[in-house]
Number of protein chains: 2
Amino acid sequence: MKNQFITPDGYTSDIAVFTITSEKVGEYKPPKKELKIMLIKRSELDHEGNPNMEAGKWALPGGFVRPYETAFQAAERRLAEETGVDGLKIKHFGVYDSPGRDQRGWIISNAHYVIANEAALRSRKKTYDASEIELFSLEEAVELDLAFDHRTIIDDALWFIKKDMALTTLAKHFLPDEFVLSELQGVLLTVLDDSSISTDAAFFRKAPTLPFIKAVSENGKHKKSNRYSKTPAQLYRFNDFQPIVSVYRNKLKG
Amino acid sequence: MKNQFITPDGYTSDIAVFTITSEKVGEYKPPKKELKIMLIKRSELDHEGNPNMEAGKWALPGGFVRPYETAFQAAERRLAEETGVDGLKIKHFGVYDSPGRDQRGWIISNAHYVIANEAALRSRKKTYDASEIELFSLEEAVELDLAFDHRTIIDDALWFIKKDMALTTLAKHFLPDEFVLSELQGVLLTVLDDSSISTDAAFFRKAPTLPFIKAVSENGKHKKSNRYSKTPAQLYRFNDFQPIVSVYRNKLKG
DNA sequence: TTTTTAATTAACATATTGTTAATTGTTTAT
DNA sequence: ATAAACAATTAACAATATGTTAATTAAAAA
């Protein structure tokens, strides 16, 4: 029952993959962390050997949604096909359907963001669709001549990540399962600007009471790590608690 | 350059219109408030005179997005066309594209919610597309045999409204420009369950300090209203302050 | 004049924050 | 071995905010 209605010329999914890289600044020191986005350079030719639209430009990974597939599933599939990266937290955050956003016609993009810890992106690799694949800092990324309206999509994705980082346990996905408080603090500070996070005394006093993280213990004793300090630091992990906040009540509800 | 790619069979927008009705319970008493959703009954015939899909069922207002139009613009247009309602706060909150959600083929819905204060919905009217148009409580709505996957969309819309009501100044759109605190409290309680809102002493102490509302004054004096009480109650209005909350810091940031 | 009722305000114990200063536990340099 | 360095805590205390129960206020209605 096709073509009964006026239809778009294409239905796609794009994925903004974010990670936080750690740069070692010295033995027993918390590393320098930076938010990065993974972009691909669009191949010159498509699968049929025709010139690719916006070829040679840096872009978000993505592609057409197939029939019998949702945009979300397409995002998962394309991310794996195009970059070799698999099994990450994907979130749909918007639809981009302004007339003229794609030269090829009326093409709709479902935008997703993905949070990956650095380790997960080690498996990234070039593919047929991506002649290059690289991590960029956000400052670098906005300097690039990006394909389509991907600049806008990235700006919006960043806004959603900041919001979700503040309101949910999104930080979890940037971190290893077991982490020390300075790691959590570092992750938060790459995205959020907040004195109660950046002030050590305030953060270290408050963090252990957060209902969504829990100190790890090993046969009755507190499990500690020296990875970033001489003083052994307590390891924590996220639990499944979903915090709820409200502008009409400051206190977290349990 | 059409049909170069596999395309959906239709691209639509649907709109979940919410309002809070006030039922008078007596002179000088705060009214009983209830959250309602506006649904339409789908006409038997479409514009071409053909039988309408899911005709006779209750459904969200909505319709096909035209080329050179965004889903958001289509939501505005369809809401006006189909219900006669205009100029309200519309928010896109999701995409529904599961295979099989619409018998007619691969049809994508962009879901929006709309918040209307009761007065704005007075202009609602039946149209060609809607043989009936009515407000339902949420309990009533879920009992209905709704068209397509509109039951799911309504459930999700409700979740978004609860979230936005707690985290933003969404309540503003349910209220008249100038309101008394018991009205704000009533609106919040139709959607949120929170002791610091339902406890009068706590709410009345806290509310005047909220950074996003401001007491109204008229030539130097506090402007008051007797609409719901013998004691004149202070009138407030929302300002443009956008509150920010975080799970890592309870206190509201200014 | 008294009662009634919503809208406040008061009062007080408890909990949470902001801030500055002190301690602790290890490694590394003397 | 001793001391210096330094991240990771703890402590201490004043300033705010919250939970709760009780009192006050203002106008209408009995």
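The analysis underlying the following values was restricted to heavy atoms, covering all of them including side chains, and did not include hydrogens, waters or symmetry mates.
Following rounding to the nearest Å, A/Leu184 (CG) and D/dA8 (P) show an atom-to-atom distance of 12 Å. C/dA6 atom C1' lies 19 Å from atom NZ of B/Lys32, rounded to whole Å. Atom NE2 in A/His222 sits about 14 Å away from atom C1' in D/dT10, given to the nearest Å. Protein atom CD1 of B/Ile197 is 14 Å distant from nucleotide atom C1' of D/dT18, rounded to whole Å. Separating the CD atom of A/Gln185 from the P atom of D/dT9 is a distance of 11 Å, rounded to the nearest angstrom. In this entry the distance linking CZ of A/Phe203 with P of D/dT10 reads 14 Å, nearest Å. Between the NZ atom of A/Lys206 and the P atom of C/dT19 there is a distance of 15 Å, rounded to whole Å. Distance B/Phe204 CZ to D/dG19 C1': 17 Å, rounded to the nearest Å.
At the heavy-atom level, B/Ala201 lies under 4.0 Å from base atoms of the strands shown. Looking at heavy-atom distances under 4.0 Å, B/Ser182 makes contact with sugar-phosphate atoms alone, never a base.
Closest to the side chain of B/Ser229, out of C/dA7, D/dA8, D/dT20, is C/dA7. Taking every side-chain heavy atom of A/Asp200 into account, D/dT9 is the closest of C/dT19, D/dT9, C/dT8.
Annotation: of the two residues near DNA chain D, A/Lys224 and A/Arg205, the 5′-most nearest-nucleotide partner is A/Lys224.
B/Phe93 pairs in a ring-ring contact (aromatic ring centres under 6.0 Å, His included) with only one of the listed residues (B/Phe72, B/Phe160, B/Phe18, B/Trp159), which is B/Phe160.
Smallest separation of non-hydrogen atoms from B/Gln185 and B/Ser198: NE2-O, 3.9 Å.
With A/Glu82 contributing its side chain and A/Gly62 its backbone, the two residues share a donor-acceptor pair below 3.5 Å.
Ring centers of A/Phe212 and B/Tyr248: under 6.0 Å apart, within the cut-off. Taking the six-membered ring for Trp, B/Phe238 and B/Phe179 have ring centres closer than 6.0 Å.
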Between side-chain atoms of residues 171-178 of chain A and protein atoms elsewhere (two or more places apart, or another chain), which donor-acceptor pairs fall under 3.5 Å?
from     : atom 1 : to       : atom 2 : distance (Å)
A/Glu178 : OE1    : A/Lys223 : NZ     : 2.8
A/Glu178 : OE2    : A/Arg237 : NH2    : 3.1

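Every salt bridge (Lys or Arg N to Asp or Glu O under 4.0 Å) that B/Lys41 has, sequence neighbours left out, goes to B/Glu132.
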Quick one: which protein N/O atoms are closer than 3.5 Å to N/O atoms of nucleotides 25-29 of chain D? Pair and distance per line, please.
from   : atom 1 : to       : atom 2 : distance (Å)
D/dA26 : N3     : B/Thr231 : OG1    : 3.1

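For A/Lys29, a side-chain nitrogen or oxygen approaches OP1 or OP2 of D/dA7 to under 4.0 Å.
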